[in-house]
Amino acid sequence: MGGSTPESEKILKSLDQRQREAVQTVAGPLLILAGPGSGKTRVLTSRIAYLIAVAAAHPSQILALTFTNKAAREMQSRINALLPSGGTRGITMGTFHSVMARLLRMELRDGWLPGYTAKFSIYDTGDSERMIRQIIKDLHIDKKRVEPRRIRAVISRQKNMMISPAAFEQHARTPDNKLIAQVYHVYEKALHGANALDFDDLLLKPLELFRRHPKILDKYRRRWRHVHIDEYQDTNLVQFRLSHLIAQEHRNICVVGDDAQSIYAFRGADLRNILNFKDSYPEAKVVMLEQNYRSTATIVRLADRVIKHNVQQVKKTLHTDNDEGAPVELIELETGQEEAEAAAKKILGHCSRVGAAFRSLPQYDYRDCAILYRTNAQSRNFEECLRAEGIPYRVVGGVSFYQRKEVKDALAYLRLLVNPDDRSSTLRVINYPRRCIGLRTQEKLADYARLHELSLWEALNRIPKLPVGAREKRVLGDFHSLIAQHQARLTSEPPHEVAKDLLKMSGLLAEIAKTGTDLARKKVDNVQEVISAIAQYTQDMQTGTLDAYLQSVALLTDADEGKDTANKVTLMTLHASKGLEFKVVFIGGLEDELFPSSHALRDADPKKLEEERRLFYVGITRAERHLYLGRAKSRLMFGSTRRFQLSTFVRELDDDLIRESSSANPTSTLRGQHLGGGLARSFSSPKRRQAFGMPAKAPRLPAPVGSGRRYTAEIRPGVRVRHPTFGDGRVVSIKGLRGDPREATVLFDNRGHKNLVLAYARLRVLG
DNA sequence: GTCTGGGGAGTTTTT
DNA sequence: CTCCCCAGAC
């Protein structure tokens with residue numbers, strides 16, 4: 001193994017001693033405990049390349065599980081770069097969920113799991129919730145008592161812990177849990193009846209498959225001789241069992257993770273996987289990677305101090321040889337808008353030629369900057385400010401392409417083609433667009449189906465027998481033949497052609513286009529894009545089937561879409577930032593109840609608080625050179641302005657770690673730079689503001705509305721405004737503070753009076 | 001039975 | 001703004 005070849009030289013060249021040790025351990029269990037910025041992705045990719053180049057493993061023997069699809073793609077291309085001869089094709093790489101979905105698609109063809117076919121639908125959280133809502137209705141449960149959202153979460157948690165409906169029912173003590181157990185039962189049956197798998201099933205079903213059919217397990221044990229799992233701290237019990245089943249015989253399993261970066265406990269991630277790795281693999285070699293190559297010493301020190309406040313953790317000492325770098329700045333301002341402006345100014349300071357030159361710092365690209373926040377809702381302020389400043393940006397998450405309503409509707413039609421038993425999709429489109437199949441008729445259909453243990457589609461196959469009137473039979477028949485016809489065509493014609501026709505014939509495209517607005521056109525374009533995506537995906541007819549497309553699309557996440565090639569500032573949640581790095585990072589909303597979230601504070605559960613602190617740690621360690629922490633003293637939340645205290649996470653830190661600063665005016669940052677180590681005071685108090693030549697009162701909410709610099713403050717009675725769908729009109733009255741109106745009554749020239757919530761309606765002031 | 005429109009509520013994080 | 005619910009019109 002020690003033999004040195006040109007390829008192994010190349011692979012090992014860029015690594016330090018510890019990293020090399022990890023890479024060269026090619027057999028047996030290996031646990032790599034890697035701090036942030038320690039080059040763990042590099043180690044993982046080098047190790048895989050090394051296995052292929054030096055240890056002569058065949059690529060197809062390698063299984064590499066990543067946290068996101070994007071990480072898998074990146075890893076693939078990095079490995080290819082290390083192995084100029086190529087030959088990496090055949091590596092099984094992807095997220096746990098996507099790899100298992102592919103496996104199921106292969107194996108379910110032969111009916112290994114009764115009732116499921118290879119054309120199963122994948123239900124996302126929304127679909128699951130929809131099902132649960134339906135079940136609650138059927139069971140006549142009062143929705144006020146246990147809301148569907150919570151039920152879904154509880155059920156998911158049980159599935160993550162491999163607790164069956166029966167087992168959950170046995171241990172259910174509270175009336176709520178007894179109710180949920182009941183729903184859980186029906187939910188599982190409904191999924192099965194719909195030939196559908198939720199996210200948890202994508203992992204549970206392979207487990208079941210392996211248990212029931214040792215032959216299949218054996219096949220994969222022999223196939224995947226080298227198992228790699230990245231972000232191991234965020235795996236759950238099912239994932240542990242799965243990987244253990246595959247690896248326990250050959251024991252070539254390499255896991256990489258950092259307990260301090262575990263931020264997905266709410267989703268079932270179980271730290272015991274990484275903490276107790278040695279229990280399952282006592283002979284495991286452990287390599288600690290503690291040197292940080294990413295961030296300045298200042299940032300590393302801050303991260304280290306933050307995480308020291310957690311009791312629950314493996315002792316690790318982060319260190320770095322990097323330079324001190326700039327101080328971390330805490331920016332305290334009055335409102336969320338000002339905070340967003342400060343972020344924009346800071347970014348301009350780094351990315352504009354003037355700003356960078358003034359500070360005699362290297363000029364960065366927009367793509368080197370990121371704004372991170374706790375909740376998706378916080379992106380709005382930042383977006384508006386960046387737009388007003390003309391700074392290009394992209395928002396990761398939020399409403400991503402595949403989450404838009406029109407896209408989901410289109411996908412529901414297509415899912416129905418592939419898997420007609422798909423109940424959630426049926427209910428979604430059976431009366432959309434309107435075809436006179438009302439709730440009563442749907443109920444009767446569902447009742448009939450339940451009585452005879454049929455799926456909705458199977459019930460539709462027996463329309464003459466349904467207990468509905470003649471008119472209803474006709475409309476149901478029309479719907480049935482619409483789907484059936486296109487389904488038949490799918491066997492002989494290209495999928496995108498069939499999809500195009502179905503979306504047209506169903507009336508969906510016309511329904512979306514109906515209003516004729518710009519927004520409508522955009523929605524139509526989105527649906528067209530789905531059709532072209534299918535065309536592209538199914539070009540390779542070997543693997544590119546419509547069902548494969550639909551299944552892969554269900555597993556796409558916001559973090560996967562990013563085209564990093566575009567020179568734009570990245571906006572995303574702290575969760576989505578995991579694994580990424582940026583030269584300049586701005587973390588916004590460092591206030592109690594926002595970050596840490598109210599949930600973590602309210603429950604006074606140290607575990608939850610510690611997870612939030614780890615999230616802060618993750619955010620801090622994304623920064624390579626410059627880190628800014630933003631905080632607003634009051635913030636608009638749920639429609640009213642509330643005061644917030646500085647985040648516990650900042651208060652608990654020693655003062656010398658962070659420098660206070662303010663960028664309420666553009667030069668203050670620049671000035672602050674020349675103060676050296678000294679403390680630039682916060683500009684938030686009137687006295688201080690005046691001392692720095694600023695108006696004593698903080699300017700009132702300059703909230704830009706829509707594109708351009710239109711502020712809600714300008715909206716007052718008598719003003720002419722334009723609405724994207726209602727056209728022009730005149731403001732009659734406003735609700736809320738003067739200068740900070742919340743709602744406006746507008747008399748439109750063609751539409752009469754409308755009440756508009758300004759936070760949502762994209763009103764533009766005319767003139 | 002079905003459709004329309006007004007009213008009310010909704011925001012942690014996500015494979 | 002979007003989703004859901006409910007009353008009342010057709």
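Proteins get letters first, then strands, A, B, ... in listed order; numbering begins at 1 in each.
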K.L.:
Below 4.5 Å, heavy atoms only, C-beta onward: do A/M162 and A/V238 meet side chain to side chain?
P.N.:
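Counting from C-beta outward, A/M162 and A/V238 do come under 4.5 Å.
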K.L.:
Are the side chains of A/T570 and A/I371 in touch, meaning some heavy atoms are under 4.5 Å apart?
P.N.:
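SC-SC contact between A/T570 and A/I371 ruled out.
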K.L.:
Please tabulate, one pair per line, each protein N/O and nucleotide N/O from nucleotides 2-4 of chain B that are separated by under 3.5 Å, including the distance.
P.N.:
{"residue": "B/dT2", "atom": "OP1", "partner": "A/G438", "partner atom": "N", "Å": "3.2"}
{"residue": "B/dT2", "atom": "OP1", "partner": "A/T441", "partner atom": "OG1", "Å": "2.3"}
{"residue": "B/dT2", "atom": "OP2", "partner": "A/T441", "partner atom": "OG1", "Å": "3.3"}
{"residue": "B/dC3", "atom": "OP1", "partner": "A/C436", "partner atom": "N", "Å": "3.2"}
{"residue": "B/dC3", "atom": "OP2", "partner": "A/N431", "partner atom": "ND2", "Å": "3.4"}
{"residue": "B/dT4", "atom": "OP2", "partner": "A/R434", "partner atom": "NH1", "Å": "2.8"}

K.L.:
Can a side chain N or O of A/N376 be found less than 4.0 Å away from OP1 or OP2 on B/dT14?
P.N.:
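For B/dT14, OP1/OP2 do have a side-chain N/O of A/N376 under 4.0 Å.
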K.L.:
Measure from NE2 on A/H575 to C1' on B/dT14 and round the result to the nearest Å.
P.N.:
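The distance from NE2 of A/H575 to C1' of B/dT14 comes to 8 Å, rounded to the nearest Å.
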K.L.:
How many Å lie between CG on A/L609 and C1' on B/dT13, as a whole number?
P.N.:
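From A/L609 CG to B/dT13 C1': 15 Å.
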K.L.:
Can you measure A/I587 atom CD1 to B/dT13 atom P for me and round it to whole angstrom units?
P.N.:
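One finds 17 Å between P of B/dT13 and CD1 of A/I587, rounded.
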K.L.:
Between A/F96 and A/A600, who's closer to the 5' end of DNA chain B by nearest nucleotide?
P.N.:
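This one resolves to A/A600.
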K.L.:
Tell me: CG of A/L476 to P of B/dG1, nearest whole Å?
P.N.:
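In whole Å, B/dG1 P lies 13 Å from A/L476 CG.
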K.L.:
May I have the distance from A/E147 (atom CD) to B/dG8 (atom C1'), rounded to whole angstrom?
P.N.:
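Distance, rounded to whole Å: 16 Å.
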K.L.:
Can I get a per-line list of side-chain donor-acceptor pairs under 3.5 Å for residues 265-272 of chain A, giving both atom names and the distance, sequence neighbours left out?
P.N.:
{"residue": "A/D270", "atom": "OD1", "partner": "A/R272", "partner atom": "N", "Å": "3.0"}
{"residue": "A/D270", "atom": "OD1", "partner": "A/R272", "partner atom": "NE", "Å": "3.1"}
{"residue": "A/D270", "atom": "OD2", "partner": "A/R272", "partner atom": "NE", "Å": "3.2"}
{"residue": "A/D270", "atom": "OD2", "partner": "A/R272", "partner atom": "NH2", "Å": "2.7"}

K.L.:
Nearest-Å distance, CD1 (A/I136) to C1' (C/dC5)?
P.N.:
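The answer, rounded to whole Å, is 15 Å.
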K.L.:
DNA chain B: A/R149 or A/F67, which has the more 5' nearest nucleotide?
P.N.:
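The answer here is A/R149.
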K.L.:
What distance, rounded to whole Å, do you find between the two C1' atoms, one in C/dC4 and one in B/dT12?
P.N.:
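Nearest-Å result for C/dC4 against B/dT12 at atom C1': 22 Å.
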K.L.:
Quick test of your reading: applying side-chain hydrogen bond (donor to acceptor under 3.5 Å, both in side chains), list the pairs with at least one residue in residues 149-158 of chain A, sequence neighbours left out, ordered by first then second residue.
P.N.:
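Sorted result for residues 149-158 of chain A: A/S156-A/D200.
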K.L.:
Can you tell me the distance, in whole Å, between the CG atom of A/L202 and the P atom of B/dT15?
P.N.:
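So the two atoms are 13 Å apart, to the nearest Å.
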K.L.:
Taking only the side-chain nitrogens and oxygens of A/T573, find out if one of them lies under 4.0 Å from OP1 or OP2 of B/dT14.
P.N.:
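True: A/T573 side-chain N/O within range (under 4.0 Å) of B/dT14 OP1/OP2.
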K.L.:
Please name all residues satisfying ring pair (Phe, Tyr, Trp, His ring centres under 6.0 Å) with A/F649, sequence neighbours left out, ordered by chain then number.
P.N.:
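Scan of A/F649 (ring pair (Phe, Tyr, Trp, His ring centres under 6.0 Å), adjacent residues dropped) gives A/F595, A/F616.
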K.L.:
Does B/dT12 have A/H599 stacked on its base, where the ring centres are within less than 5.5 Å and the planes differ by under 30°?
P.N.:
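Yes, aromatic ring over the base.
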K.L.:
If we require ring centres under 5.5 Å and near-parallel planes under 30°, does A/F266 stack on B/dT14?
P.N.:
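A/F266 vs B/dT14: stacking no.
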K.L.:
Rounded to whole angstrom units, what separation is found between the OH atom of A/Y373 and the P atom of B/dT11?
P.N.:
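The distance from OH of A/Y373 to P of B/dT11 comes to 18 Å, rounded to the nearest Å.
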K.L.:
Listed by chain and number, what are the ring pair (Phe, Tyr, Trp, His ring centres under 6.0 Å) partners of A/H599, not counting sequence neighbours?
P.N.:
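For A/H599 there are no ring pair (Phe, Tyr, Trp, His ring centres under 6.0 Å) partners, ignoring immediate neighbours.
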K.L.:
Does B/dG1 have its OP1 or OP2 closer than 4.0 Å to a side-chain nitrogen or oxygen of A/K444?
P.N.:
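Checking B/dG1 against A/K444, a side-chain N or O does come within under 4.0 Å of OP1 or OP2.
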K.L.:
Look at the side chain of A/T125 and decide which nucleotide, out of C/dT2, B/dT15, B/dT13, has an atom nearest to it.
P.N.:
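Of C/dT2, B/dT15, B/dT13, B/dT15 is nearest to the side chain of A/T125.
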K.L.:
Can you sort out the partners of A/F479 under ring pair (Phe, Tyr, Trp, His ring centres under 6.0 Å), two or more places apart, ordered by chain and number?
P.N.:
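Partners of A/F479 under the ring pair (Phe, Tyr, Trp, His ring centres under 6.0 Å) test: none.
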